[in-house]
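What you see is a predicted model; the values in this text were computed from it and never measured. One-based numbering along the sequence shown. All ligand and atom numbering here is 1-based and tracks the order in the structure.
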Amino acid sequence: MRIVITDLSVIYERGLPDERAAVSGVTLSVDQGESVAIAGPTGSGKTSLLEVMAGLVAPTSGTAALEGADGTLRSAVGLVYQFPELQFFEESILDEVAFGLRHQGAAEEEIPGIVRNALARAGLDPGLFLDRSPLSLSAGEKRRAALACMIALDRPFLLLDEPSAGIDPAMRERLVKFMLDMLEEGCGLVLVTHDLELAGRVAGRMIILSDGRVVADATPDSIFRDAPLLERLSLDPPPRYQLVNRVKSLAASKAPELERLLLPSVGRHLADVGRR
Ligand SMILES: Nc1ncnc2c1ncn2[C@@H]1O[C@H](COP(=O)(O)OP(=O)(O)O)[C@@H](O)[C@H]1O
Ligand SMILES: [Mg+2]
């Protein structure tokens, strides 16, 4: 099963003075079992692209389809928005998580069991949280409850929009573990994030968007080594790549100088080794 996007464009306010192309000519596909990270500056079209992949926004032109299975993108893909906790509206966590299940047509007697399981997987003790009001939770707990809403739906694809924005390091670790577990179970994962360290830990492939267009689609490793690209888009690679890239650019710009500086010391070192 795969999500296939072909020559996709999304234009908002079409025909109006503030018409704006959010996505322009994007072609890509995501397989079940694959993990793809998407990064790019604010306004580069990441959320719009996710909304199309989830079947929530229709393409202005081009196509978005589910291939290799019956059903629609909407039924196969779960999207967790950035700050999903802003969308809670039920009186209890039980009803909040059950909402999507009911909408999906789950049998009423199965719902409590599914909700309990989803809460536990998201890191919330069902015994303590089922009857709480979503609005009474801490920020981290709200994020977990939002995740539970999606886990309960058990879709083959899960799209997460900036899941690490505004969470503490412990929750971030939990999120990584959660994503790796979902992958292991064969879920397809699309992760929109500025956090390239997080992306490097869970994604096998990385897509960079700029102005609604794909400017890179490659392994995280090769993108993290592309210092000019990252710099142009104000993205910080994981710390160890920052060092590698810095040494590389120094070496390129100051090769003769470096050689003059380094060679004598290397020579001395070899001479030392030779003496021993
Ligand atoms: N519902 C909308 N109506 C009008 N313009 C929108 C809407 N959603 C997004 N945009 C515009 O489309 C562009 C891409 O936005 P978005 O997809 O949210 O990018 P990102 O998630 O990368 O920040 C931006 O210029 C944004 O202002
Ligand atoms: Mg966004």
Side-chain angles (χ1 to χ4, degrees), residues 3-30 35-65 73-74 77-89 139 142-143 146-147 149-150 155 157-167 171-172 175 178-179 188-200 202-203 205-218 220 223-224 226 229-237:
I3 300 172
V4 180
I5 303 283
T6 310
D7 202 15
L8 171 75
S9 294
V10 177
I11 300 172
Y12 294 109
E13 317 289 354
R14 202 162 189 215
L16 298 175
D18 48 357
E19 171 174 311
R20 187 178 300 125
V23 180
S24 304
V26 166
T27 294
L28 59 86
S29 64
V30 179
S35 172
V36 180
I38 301 178
T42 303
S44 58
K46 305 180 297 294
T47 299
S48 301
L49 179 58
L50 287 190
E51 288 179 324
V52 172
M53 291 174 117
L56 300 172
V57 161
T60 307
S61 64
T63 58
L73 286 174
R74 222 174 160 142
V77 180
L79 169 60
V80 181
Y81 277 100
Q82 186 173 13
F83 305 117
E85 52 272 24
L86 299 178
Q87 299 174 39
F88 289 152
F89 57 91
K142 281 180 181 163
R143 195 63 65 86
L147 217 47
C149 292
M150 271 305 143
R155 305 266 171 91
F157 291 94
L158 189 58
L159 318 184
L160 300 167
D161 197 355
E162 301 277 3
S164 66
I167 63 173
M171 178 61 191
R172 188 171 173 277
L175 187 69
F178 166 75
M179 290 191 282
L189 208 64
V190 179
L191 163 70
V192 163
T193 187
H194 283 101
D195 185 344
L196 299 197
E197 155 80 13
L198 182 78
V202 295
R205 188 174 139 214
M206 183 140 198
I207 292 170
I208 307 287
L209 286 184
S210 173
D211 262 337
R213 296 176 189 279
V214 173
V215 293
D217 183 344
I223 286 180
F224 297 160
D226 191 343
L229 172 78
L230 297 179
E231 206 156 297
R232 188 154 51 82
L233 301 176
S234 302
L235 292 166
D236 291 323

(request) May I ask you to list the atoms of ligand 1 that are less than 4.0 angstrom from any heavy atom of Pro41? (result) 22 (O)
(request) Using non-hydrogen atoms of the residue, decide whether Ser44 is closer than 4.0 angstrom to ligand 1. (result) yes
(message) I'd like to know if Ala21 contacts ligand 1, where contact means a heavy-atom distance under 4.0 Å to any ligand atom.
(response)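 It does not, in that no heavy atom of Ala21 comes within the 4.0 Å cut-off of ligand 1.
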(request) With the side chain counted from C-beta on, respond yes when Phe157 and Met53 share a heavy-atom pair under 4.5 Å apart, and no when they do not. (result)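 Contact flag for Phe157/Met53 side chains = no.
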(message) Quick check for you: to the nearest 0.5 Å, what is the distance between Asp217 atom CG and Arg205 atom CZ?
(response)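 Rounded to the nearest 0.5 Å, the CG-CZ separation comes to 4.0 Å.
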For [atom], what's the nearest protein heavy atom and its distance?
atom: atom 14 (C) of ligand 1; value: Gly43 O, 3.5 Å
atom: atom 5 (N) of ligand 1; value: Arg20 NH1, 3.2 Å
atom: atom 12 (O) of ligand 1; value: Ala22 CB, 3.3 Å
atom: atom 17 (O) of ligand 1; value: Ser48 OG, 2.5 Å
atom: atom 18 (O) of ligand 1; value: Thr47 CB, 3.8 Å
atom: atom 22 (O) of ligand 1; value: Lys46 NZ, 2.8 Å
atom: atom 9 (C) of ligand 1; value: Tyr12 CE1, 3.4 Å

(message) With a 6.0 Å cut-off (strictly less than), is the heavy-atom count around CG of Asp211, excluding the residue itself, greater than 12?
(response) no
(message) If you count heavy atoms of other groups shown closer than 6.0 angstrom to CZ of Arg172, is the number above 12?
(response)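 Counting neighbours around CZ of Arg172, more than 12 heavy atoms of other residues, nucleotides or ligands fall under 6.0 Å, so yes.
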(message) What I want to know is whether Gly45 and ligand 1 share at least one N or O pair that is separated by under 3.5 angstrom.
(response) yes
(message) Polar contacts were defined as any N/O atom of the residue lying under 3.5 Å from an N/O atom of the ligand; does this apply to Thr42 and ligand 1?
(response) no
(request) Output yes when a side-chain donor or acceptor of Arg143 lies under 3.5 Å from a complementary backbone atom of Ala165, and no otherwise. (result)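 At least one qualifying donor-acceptor pair exists.
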(request) State whether the side chain of Ser35 and the backbone N or O of Val202 hold a donor-acceptor pair below 3.5 Å, judged by distance alone. (result) yes
(message) Does either side chain, that of Ser48 or that of Tyr12, offer a donor lying less than 3.5 Å from an acceptor on the other one?
(response) yes
(message) Below 2.8 Å, can you find an N, O or S atom of Ser48 next to the Mg ion (ligand 2)?
(response) no
(request) Before accepting this row, confirm whether a basic side-chain N of the pair Asp161/Lys46 lies closer than 4.0 Å to the acidic partner's carboxylate O. (result)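 Result for this pair is no, no salt bridge flagged.
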(request) Could you point out which residue of Val77, Val36, Ile38 forms a side-chain contact (heavy atoms from CB on, under 4.5 Å) with Leu159? (result)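 Considering Val77, Val36, Ile38, a side-chain contact (heavy atoms from CB on, under 4.5 Å) with Leu159 is found only for Val77.
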